[in-house]
Amino acid sequence: MKKWIEIKEFNAPELDVYARLAEVQLLRYNEPKPGLFIAESPKVIARALYAGYEPVSFLIEHRDLEMENGEVQEILEQFPDIPVYTAEYSVLVKLTGFALTRGMLCVLKRRMLPSVEEICKSAGRIAILENVVNPTNIGAIFRSAAALHMDAVLLTGGCCDPFYRRSARVSMGTVFQIPWTYFDKKTQWPGDGMKQLDRLGFKTVAMALRDDSVGIDDPALHAEEKLAVILGTEGDGLVGETIADCDYTVKIPMSHDVDSLNVAAASAVAFWELGKRK
């Protein structure tokens, strides 16, 4: 039977990586090699593990071990040599957001991100996020992208990290399923990035509140072999240069004098319609 490591105090050093390291510190933990990230809940952890991410340790509420939770036990049985820390709820609830984790956390090793070329080589429909900073929105967009026929996601440098805990949790682990990467730091956005997309054969679609737009159901969009759907930051949307450089501009038709949707909601509408192939 596996030996659990009991944690009695919140200040125990074993909890440092879970409780006292910021997301950015985890990201840079092994520099220059890829760092760490934390996944929450058995479902999200299972999807990260299935995608091949290597666990460092698990942290589980004592009650979940005693109840022999099926999802938890199934995960632990696959990794008998990985440390399993456990504590009472009164200790773990002091961890930021633990009440939302459904009793289980896992520290995992990051991997080197692929290049834009690798991500796009076999993709027909991709989403591009321009400076989307809210982790909840990032997670929701990834979930929609995975569910609604996007083949990959590209992010500009100003975007929130999809592996941040809230992003991964909101995505229900789809950040580990759909291919994604950032544009290279040397690639200036939108100028260089748009040229790169053109070289890769993609027609670009700016999701923007413009009157000179085409309908989201325009047959020309569905006929494109490769389509990149570009969504902008919360509030301001896409920058003018991005819109000007795109092949198409699309505005989602709305009623009741509603002028716009949250970027995550807009992504779901856009992916559902533009993810269709002719």
Side-chain angles (χ1 to χ4, degrees), residues 34 51-52 110-133 137-138 141-163 167 171 174-208 210 213-233 237-251 263 266-278:
R110 289 176 179 262
R111 300 195 297 242
M112 291 293 294
L113 288 174
S115 67
V116 169
E117 288 77 7
E118 289 176 282
I119 287 289
C120 293
K121 64 183 178 181
S122 60
R125 294 290 185 271
I126 63 173
I128 297 177
L129 309 185
E130 180 184 272
N131 302 331
V132 178
V133 298
N137 284 336
I138 288 285
I141 293 169
F142 264 79
R143 189 173 182 182
S144 293
L148 301 173
H149 317 300
M150 293 293 108
D151 300 316
V153 179
L154 302 180
L155 303 97
T156 66
C159 286
C160 169
D161 186 341
F163 279 8
S167 298
S171 83
T174 54
V175 292
F176 309 118
Q177 295 178 310
I178 188 167
W180 67 272
T181 196
Y182 284 96
F183 282 97
D184 188 277
K185 291 181 180 179
K186 297 179 181 179
T187 302
Q188 294 294 317
W189 179 266
D192 294 341
M194 297 292 277
K195 291 176 182 176
Q196 186 175 22
L197 292 169
D198 182 63
R199 290 195 301 271
L200 292 168
F202 283 90
K203 295 296 184 181
T204 48
V205 177
M207 300 301 300
R210 293 272 293 263
S213 59
V214 300
I216 196 170
D217 58 350
D218 191 306
L221 295 170
H222 298 297
E224 296 289 359
E225 182 180 353
K226 291 187 172 185
L227 205 61
V229 183
I230 309 178
L231 297 122
T233 186
L238 294 173
V239 300
E241 186 180 351
T242 300
I243 299 172
D245 286 349
C246 280
D247 298 295
Y248 300 95
T249 302
V250 168
K251 180 171 69 173
V263 65
S267 76
V269 176
F271 299 161
W272 166 250
E273 184 61 41
L274 300 177
K276 300 173 183 177
R277 274 72 159 180
K278 185 176 179 181

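Values below: every heavy atom of this structure, side chains too, minus hydrogens, waters and symmetry copies.
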### Message
Tell me whether Glu225 at atom CD has more than 12 heavy atoms from other residues, nucleotides or ligands lying less than 6.0 Å away.
### Response
no
#### Entry: Heavy-atom side-chain proximity of Pro34 to Arg111 below 4.5 angstrom
no
### Task
Any chance you could lay out the side chain to side chain contact (heavy atoms under 4.5 Å, CB included) test for Asn137 and Cys160, step after step, and finish with the verdict?
CA-CA 9 Å; Asn137 284 336; Cys160 169; over 6 Å; no
### Query
Hey, is the main chain of Leu113 close enough, under 3.5 Å, to the side chain of Thr181 for a donor-acceptor pair?
no
## Note on the structure
In this structure, CG of Leu154 is separated from SG of Cys120 (nearest 0.5 Å) by 4.5 Å
### Summary
Taken to the nearest 0.5 Å, the spacing of Lys203 NZ from Leu197 CG works out to 12.0 Å
### Task
Kindly give the heavy-atom pair with the smallest separation between Ser267 and Ile141, and that separation in Å.
OG-CG1, 3.6 Å
### Query
Of all heavy-atom pairs between Glu130 and Leu238, which one has the smallest distance, and what is that distance?
OE2-CA, 3.3 Å
### Query
Any idea how Phe142 and Trp180 line up, ring-wise: parallel (<30°), tilted (30 to 60°), or perpendicular (>60°)?
perpendicular
### Arg125 side-chain N/O to Ala152 backbone N/O, donor-acceptor pair under 3.5 Å
no
### Query
Looking at residues at least two apart in the chain, or sitting in another chain, which of them share a side-chain hydrogen bond (donor to acceptor under 3.5 Å, both in side chains) with Arg110?
Asp161
### Summary
Closest non-hydrogen contact found for Ile230 with Cys246 is CD1-SG, 3.6 Å
#### Entry: Those residues that, when tested against Phe202, pass ring pair (Phe, Tyr, Trp, His ring centres under 6.0 Å) (two or more places apart)
none
## Note on the structure
Between Leu221 and Leu227, the two heavy atoms sitting closest are O-CD2, 3.7 Å
### Task
Supply the atom-to-atom distance Thr204 OG1 to Ile126 CD1, rounded to the nearest 0.5 angstrom.
9.5 Å
### Query
Can you check whether Ile128 reaches Phe183 side chain to side chain, under 4.5 Å on heavy atoms?
yes
#### Entry: Nearest heavy atoms of Ile216 and Ala270, plus distance in Å
CD1-CA, 4.0 Å
### Task
Could you tell me whether the side chain of Lys226 and the main chain of Leu200 form a donor-acceptor pair under 3.5 Å?
yes
### Summary
dist Ser115:OG -> Gln196:CD (nearest 0.5 Å) comes out at 8.0 Å
### Query
Okay, side chain of Ser171, backbone of Arg143: is any donor-acceptor separation there less than 3.5 Å?
no
### Message
Can you give me the closest heavy-atom contact between Val132 and Ile138, atom names plus distance?
### Response
O-CD1, 3.6 Å
#### Entry: Nearest-0.5 Å distance that lies between atom NZ in Lys195 and atom OG1 in Thr187
11.5 Å
### Query
Going from NE2 on His222 to CG on Asp217, what distance comes out if it is rounded to the nearest 0.5 angstrom?
6.0 Å
### Check against side-chain hydrogen bond (donor to acceptor under 3.5 Å, both in side chains), Thr156 and Asn131
CA-CA 6 Å; Thr156 66; Asn131 302 331; 3.0 Å; yes
